[in-house]
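Just below is one structure, and these are the notes that go with it.
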Amino acid sequence: MEQNADSLIRLDDVKKVFFTEEVETHALSGIHLEIHPGEFLSIAGPSGCGKSTLLSIVGLLDSPTEGAYWLKTDQVANLTVRDRARIRNREIGFIFQAFNLIGDLTVYENVELPLIYRGMGSSERKQRVQEVLERVGMAHRMKHYPSQLSGGQQQRVAVARAIVGKPAILLADEPTGNLDSKNGEAVMDLLRELHRDGATLCMVTHDPRYARFADRTIYLFDGRIVEETLGAKQLAEGAAS
Amino acid sequence: MRGAVQDLKYGVRQLRRSPGLAAVAILMLALGIGATTAIFGVVNGWLFKPLPVPQPRQITVITGEQPGAFNTQFSTPEFQDYNGQPGPFASLFGYAPDVVGLTHQRHTDPILVSYVTGNYFSSLGLKPYLGRLILPSEGQTPGADPVVVLGYDYWKSRFNGDRGAIGESAQVDGQPVTIVGVTPPGFHGTATFLDMKAYLPVSMIVRTTDFTTAQWTNRNSRFLSLMGRLKPGASVGEAQAAMNVEASGLARQYPDTERGITIYVYPEWLARPPEPRQLMRQGLIAALFLLLGGLVLLVACFNVAGMLIARALARRREMAVRVSLGATRARLLRQMLGETLVLALAGGGAGLVLGQWLARLLNLVHTQGTLTVRLDAQFDWRVYLFAFLVCLLVAVVVGLAPAFRAARANPNQELREGGSRLSAGIRSGRLRRALVATQLGGSLVLLIVSGLFVRSLGKAETANLGFDPRGVTDFTTDPAYIGYNQAQTTEFYKRLLDRVRATPGVESATLDTGAPLSGFGSAANVYAEGRVLGPKDHAPQNFYVSVTPGFFRTLRIPLARGRTFTEADGEKAPPVAVINQAMAKQLWPGEDPVGKRFRTSPSGPWISVAGVANDAGYVFVGLPHFPLFYLPVAQHYEPLRMLEVRSQVAQGSLESEIQDEIHALDPQMPVFDVQPLASVVDGPNGLMLFRIGAVVAGGLGLVGLLLAAAGLYAVISFAVSQRRNEIAIRMALGATQRNVLAGVLRDGGRMVAIGWAIGIPLALLAAYAASGILTGVGYFDLVTYALASLALALVAVVACYLPARRAMRIDPAQALRQE
Ligand SMILES: Nc1ncnc2c1ncn2[C@@H]1O[C@H](COP(=O)(O)OP(=O)(O)OP(=O)(O)O)[C@@H](O)[C@H]1O
Ligand SMILES: [Mg+2]
């Protein structure tokens, strides 16, 4: 099968089995998925249905047991550990439910980290970091440590860290899960802004309020995609065409 | 008090809950405490243990020093004069060690004995184990009182502890004596490190040696080591003052012999051995080795402290609950210290067992041959007290940091938040890291000092001895032991040498009065012809041995100038000597010494220098350039001889052939110390001290390094397990495995670097202190410092690599699974 020129990510018949102490867990089976550049995809489903597993395969944190995965035009299912780290660093930005900032590093240093792994020079790094921190409204907290920030602020820093490397796609696993609704909405607004400015976004969420903002939502159940719906805007566009 | 018992009980319970940690901690502490205690045991036996006599603090050592002389002993008339004016002393008494032949039931043993003044045992306050000791009435008249008192151990080994031996007759150097008693067990005489086998009245010295009745009354024949027992309440200072007065009185009365003598009175325990120049040195050597042991202990303690800190972190929640229930901080501190005290005591107990075992190993350091060296590392209450105090110290050192950690528990934070959402970072381990850096520094000091000892041994081993021991076998004999006179002895040796030289396979053979490094030989003042000594000057005292003409060829000591001895240098020929280069430089710097003359007393016959031999490490391996001269044995009689045989014949068969030759001449003739010259080189004047130093220091260095590596490993492992999440996050952000590895190694490398910065200055200090007992290497020996640093770095890399590999295998997908 050929990689469709206009899709950014394409999963083909992907299967993921976890083997633990004589138990096989079929976390994903027969997943076909395409994500287009600039798209906002949301993944929903009950707990344990395989959402995070799917995200970690898309984010190259894990590899599928079976099936093919194209990122841009490359087959990436079976790359070496080293190449996967490189692609993660350049093409993928992660936003976690638990923020996952590194406690010993300042806000600035946390955001700088992906650029350091890329081997970027320090003056360029500085400029980039400053830019994105301003973008998320956290430039005034550069020298703070994560423990000195509120949850919402921490997540904004995490978003900055995800976008600082200008990745091809942002992956977010319940980014508002640990936040109260006010802070959750603020982070969500930020993500929508990024999307409006052209970022490709793939987000796991339980919250129908936020799923609504997506162009498209897929529903997982027991490791399979059971339903796919288009967002309001797309429905309108589809009707128009 | 009840609270304390409760704390200890709680401590035991806590430790039983984590038996693995307890076992490792106890093992580490046992290693540290064991090493320290064993070393302290040796130092204790050497410097602290009092003589096994009543009121040992009253015993003093008295030395008399004349500038330029080694001799610190006294002559019989001097002894009588000083003892006649006891003042603050209850009495003065003396002894003179010597090796004699003791014949009993037709078998002769060479043994180390003390000739003692009659009041020796009564002044010491010793009671006989059997029979009687030497009596105050004995030892007064030269040649009188042919009795011998046996040392307890010698009586046990040679006489099988037979009580019937008392009253039996024996011979000492051929002179009939009666065995009258046995000293109490534990008493080994009063000479440091030496183990006396028997005691004779000093009056016997004129019968059993070439010491003459004329010398008995000569004020210049100084051979008695003097000691004194103070009257109750008298001080060493008073004794010193009284002796000064007495000495200046004698100096006026006998200016020829007594002028310029300075008397020193030391407490006995500060004079082991009684050379004042050695005083600082003994303390220094003892301190150095205690320091090395202490460093091992410190490294072990910090390891255990690190482990406990890690556990205190894990127990923060428990501590928070306790605080919220009303426990005071002091209470928590006490509880934690109770736990470490239990650990320290258990480690101390195991350490004592280990230490005792190590000390027993050190006690086995015996020299073959006649001059048995005795290290008294037997544990006594002092060692037990030391170990106990060390345990208390260990409990505090080990317990304080983790206890404060635990007591700082903040119930508000711990209980409400349920732990931080942020990944726990390296910040939490700062204290542990400081401990590990210090450990690494300590182990670097150990490595460097032990490296210096090992290098020193290596240098000494490969150093040019100046003679060639390979293929040479030593035999020692002394016809005087079985009562030969001078004529008989001379005849015996002449015939022996002829027979040995005729033995097939023998290349060459020589007789001398002291083989290289054997400890035998003599010293004499030397007066160069034409040199007038100023009133303050004193003739230098040099070492000498008497040799037969084949000597230089047999030992392959090269000749620098002139000639060696020939058969023509006989009794009636003009006296000649061969001197070594050091002596040539000493007496005639820049001149050709051949043909120059010197003598060994201000009015003695002149001896002309026939030749100059190359310097040889004759007296001690570490002293290759000690001034030394050789005399023809025909011109300088001494009964004790060493026969040195150079031969290609296999060692064993040569030994028995030569002994057969000796016994063919006289079946009674004692032969002893039969050994290859190469093993003499390993003996007490040779490499033995280097070897002991290298083995002890090397062992400590190795243990220290392993412990420090274990500490580093534990900290890095713990950090990696604490940082699993952080590492997963970093990987999710694109860190490669190499980045992760580099991160872990950097973490370890930082500690090594700090350890290095701490260790190098300390090592320089310790090495500087040790430089007095090192030869061949300076205290700043770059090779040693480099190799030690390299060894530390390598071990550190291994210690970091194992946990780093675990870190590299962390699954980055884990980053998604934390909430
Ligand atoms: N590393 C793993 N080893 C074994 N089983 C795993 C592993 N990771 C996930 N699973 C299993 O795979 C299934 C899917 O897990 P996943 O984390 O993808 O669910 P999820 O949809 O993200 O759930 P939630 O909404 O609760 O986050 C679950 O049954 C889980 O137990
Ligand atoms: Mg999930």
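Note that these values count all heavy atoms, side chains included, but never hydrogens, waters or copies made by symmetry. Remember, predicted model here, so these are calculated numbers, not experimental data.
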- Message: If we check side-chain contact (heavy atoms from CB on, under 4.5 Å) with B:Pro812, which of these qualifies: A:Leu61, A:Asp62, A:Val81?
- Response: A:Leu61

- Message: Nearest 0.5 angstrom please: B:Met731 CE to A:Arg88 CZ, how far?
- Response: 7.0 Å

- Query: Around atom CZ of A:Arg209, are there more than 12 heavy atoms of other residues, nucleotides or ligands at under 6.0 Å?
  - Reply: yes

- Query: Considering only heavy atoms, which portion of A:Arg161 lies under 4.5 Å from any heavy atom of chain B: side chain, backbone, both, or neither?
  - Reply: side chain

- Item | From CG (B:Leu733) to OH (A:Tyr117), nearest 0.5 Å | 7.0 Å

- Message: What's the separation between atom OG1 in B:Thr736 and atom CG in A:Asn89, rounded to the nearest 0.5 Å?
- Response: 9.0 Å

- How many angstroms lie between atom CD of B:Gln737 and atom OG1 of A:Thr80, to the nearest 0.5 angstrom? 9.5 Å

- Using a cut-off of 6.0 Å, state whether more than 12 heavy atoms not belonging to A:Arg224 lie near its atom CZ. no

- Task: Search all heavy atoms of B:Ala732 against all heavy atoms of A:Phe94 and return the closest pair with its distance.
- Result: O-CD1, 3.5 Å

- Query: At a heavy-atom separation under 4.5 Å, does B:Arg730 approach chain A through its side chain, its backbone, both, or neither?
  - Reply: both

- Task: May I ask you to name which of A:Ala85, A:Ser52, A:Ser56, A:Pro167 has the most heavy-atom pairs under 4.5 Å with chain B?
- Result: A:Ala85

- Message: With rounding to the nearest 0.5 angstrom, report the CD1 to CZ distance, B:Ile729 to A:Phe99.
- Response: 12.0 Å

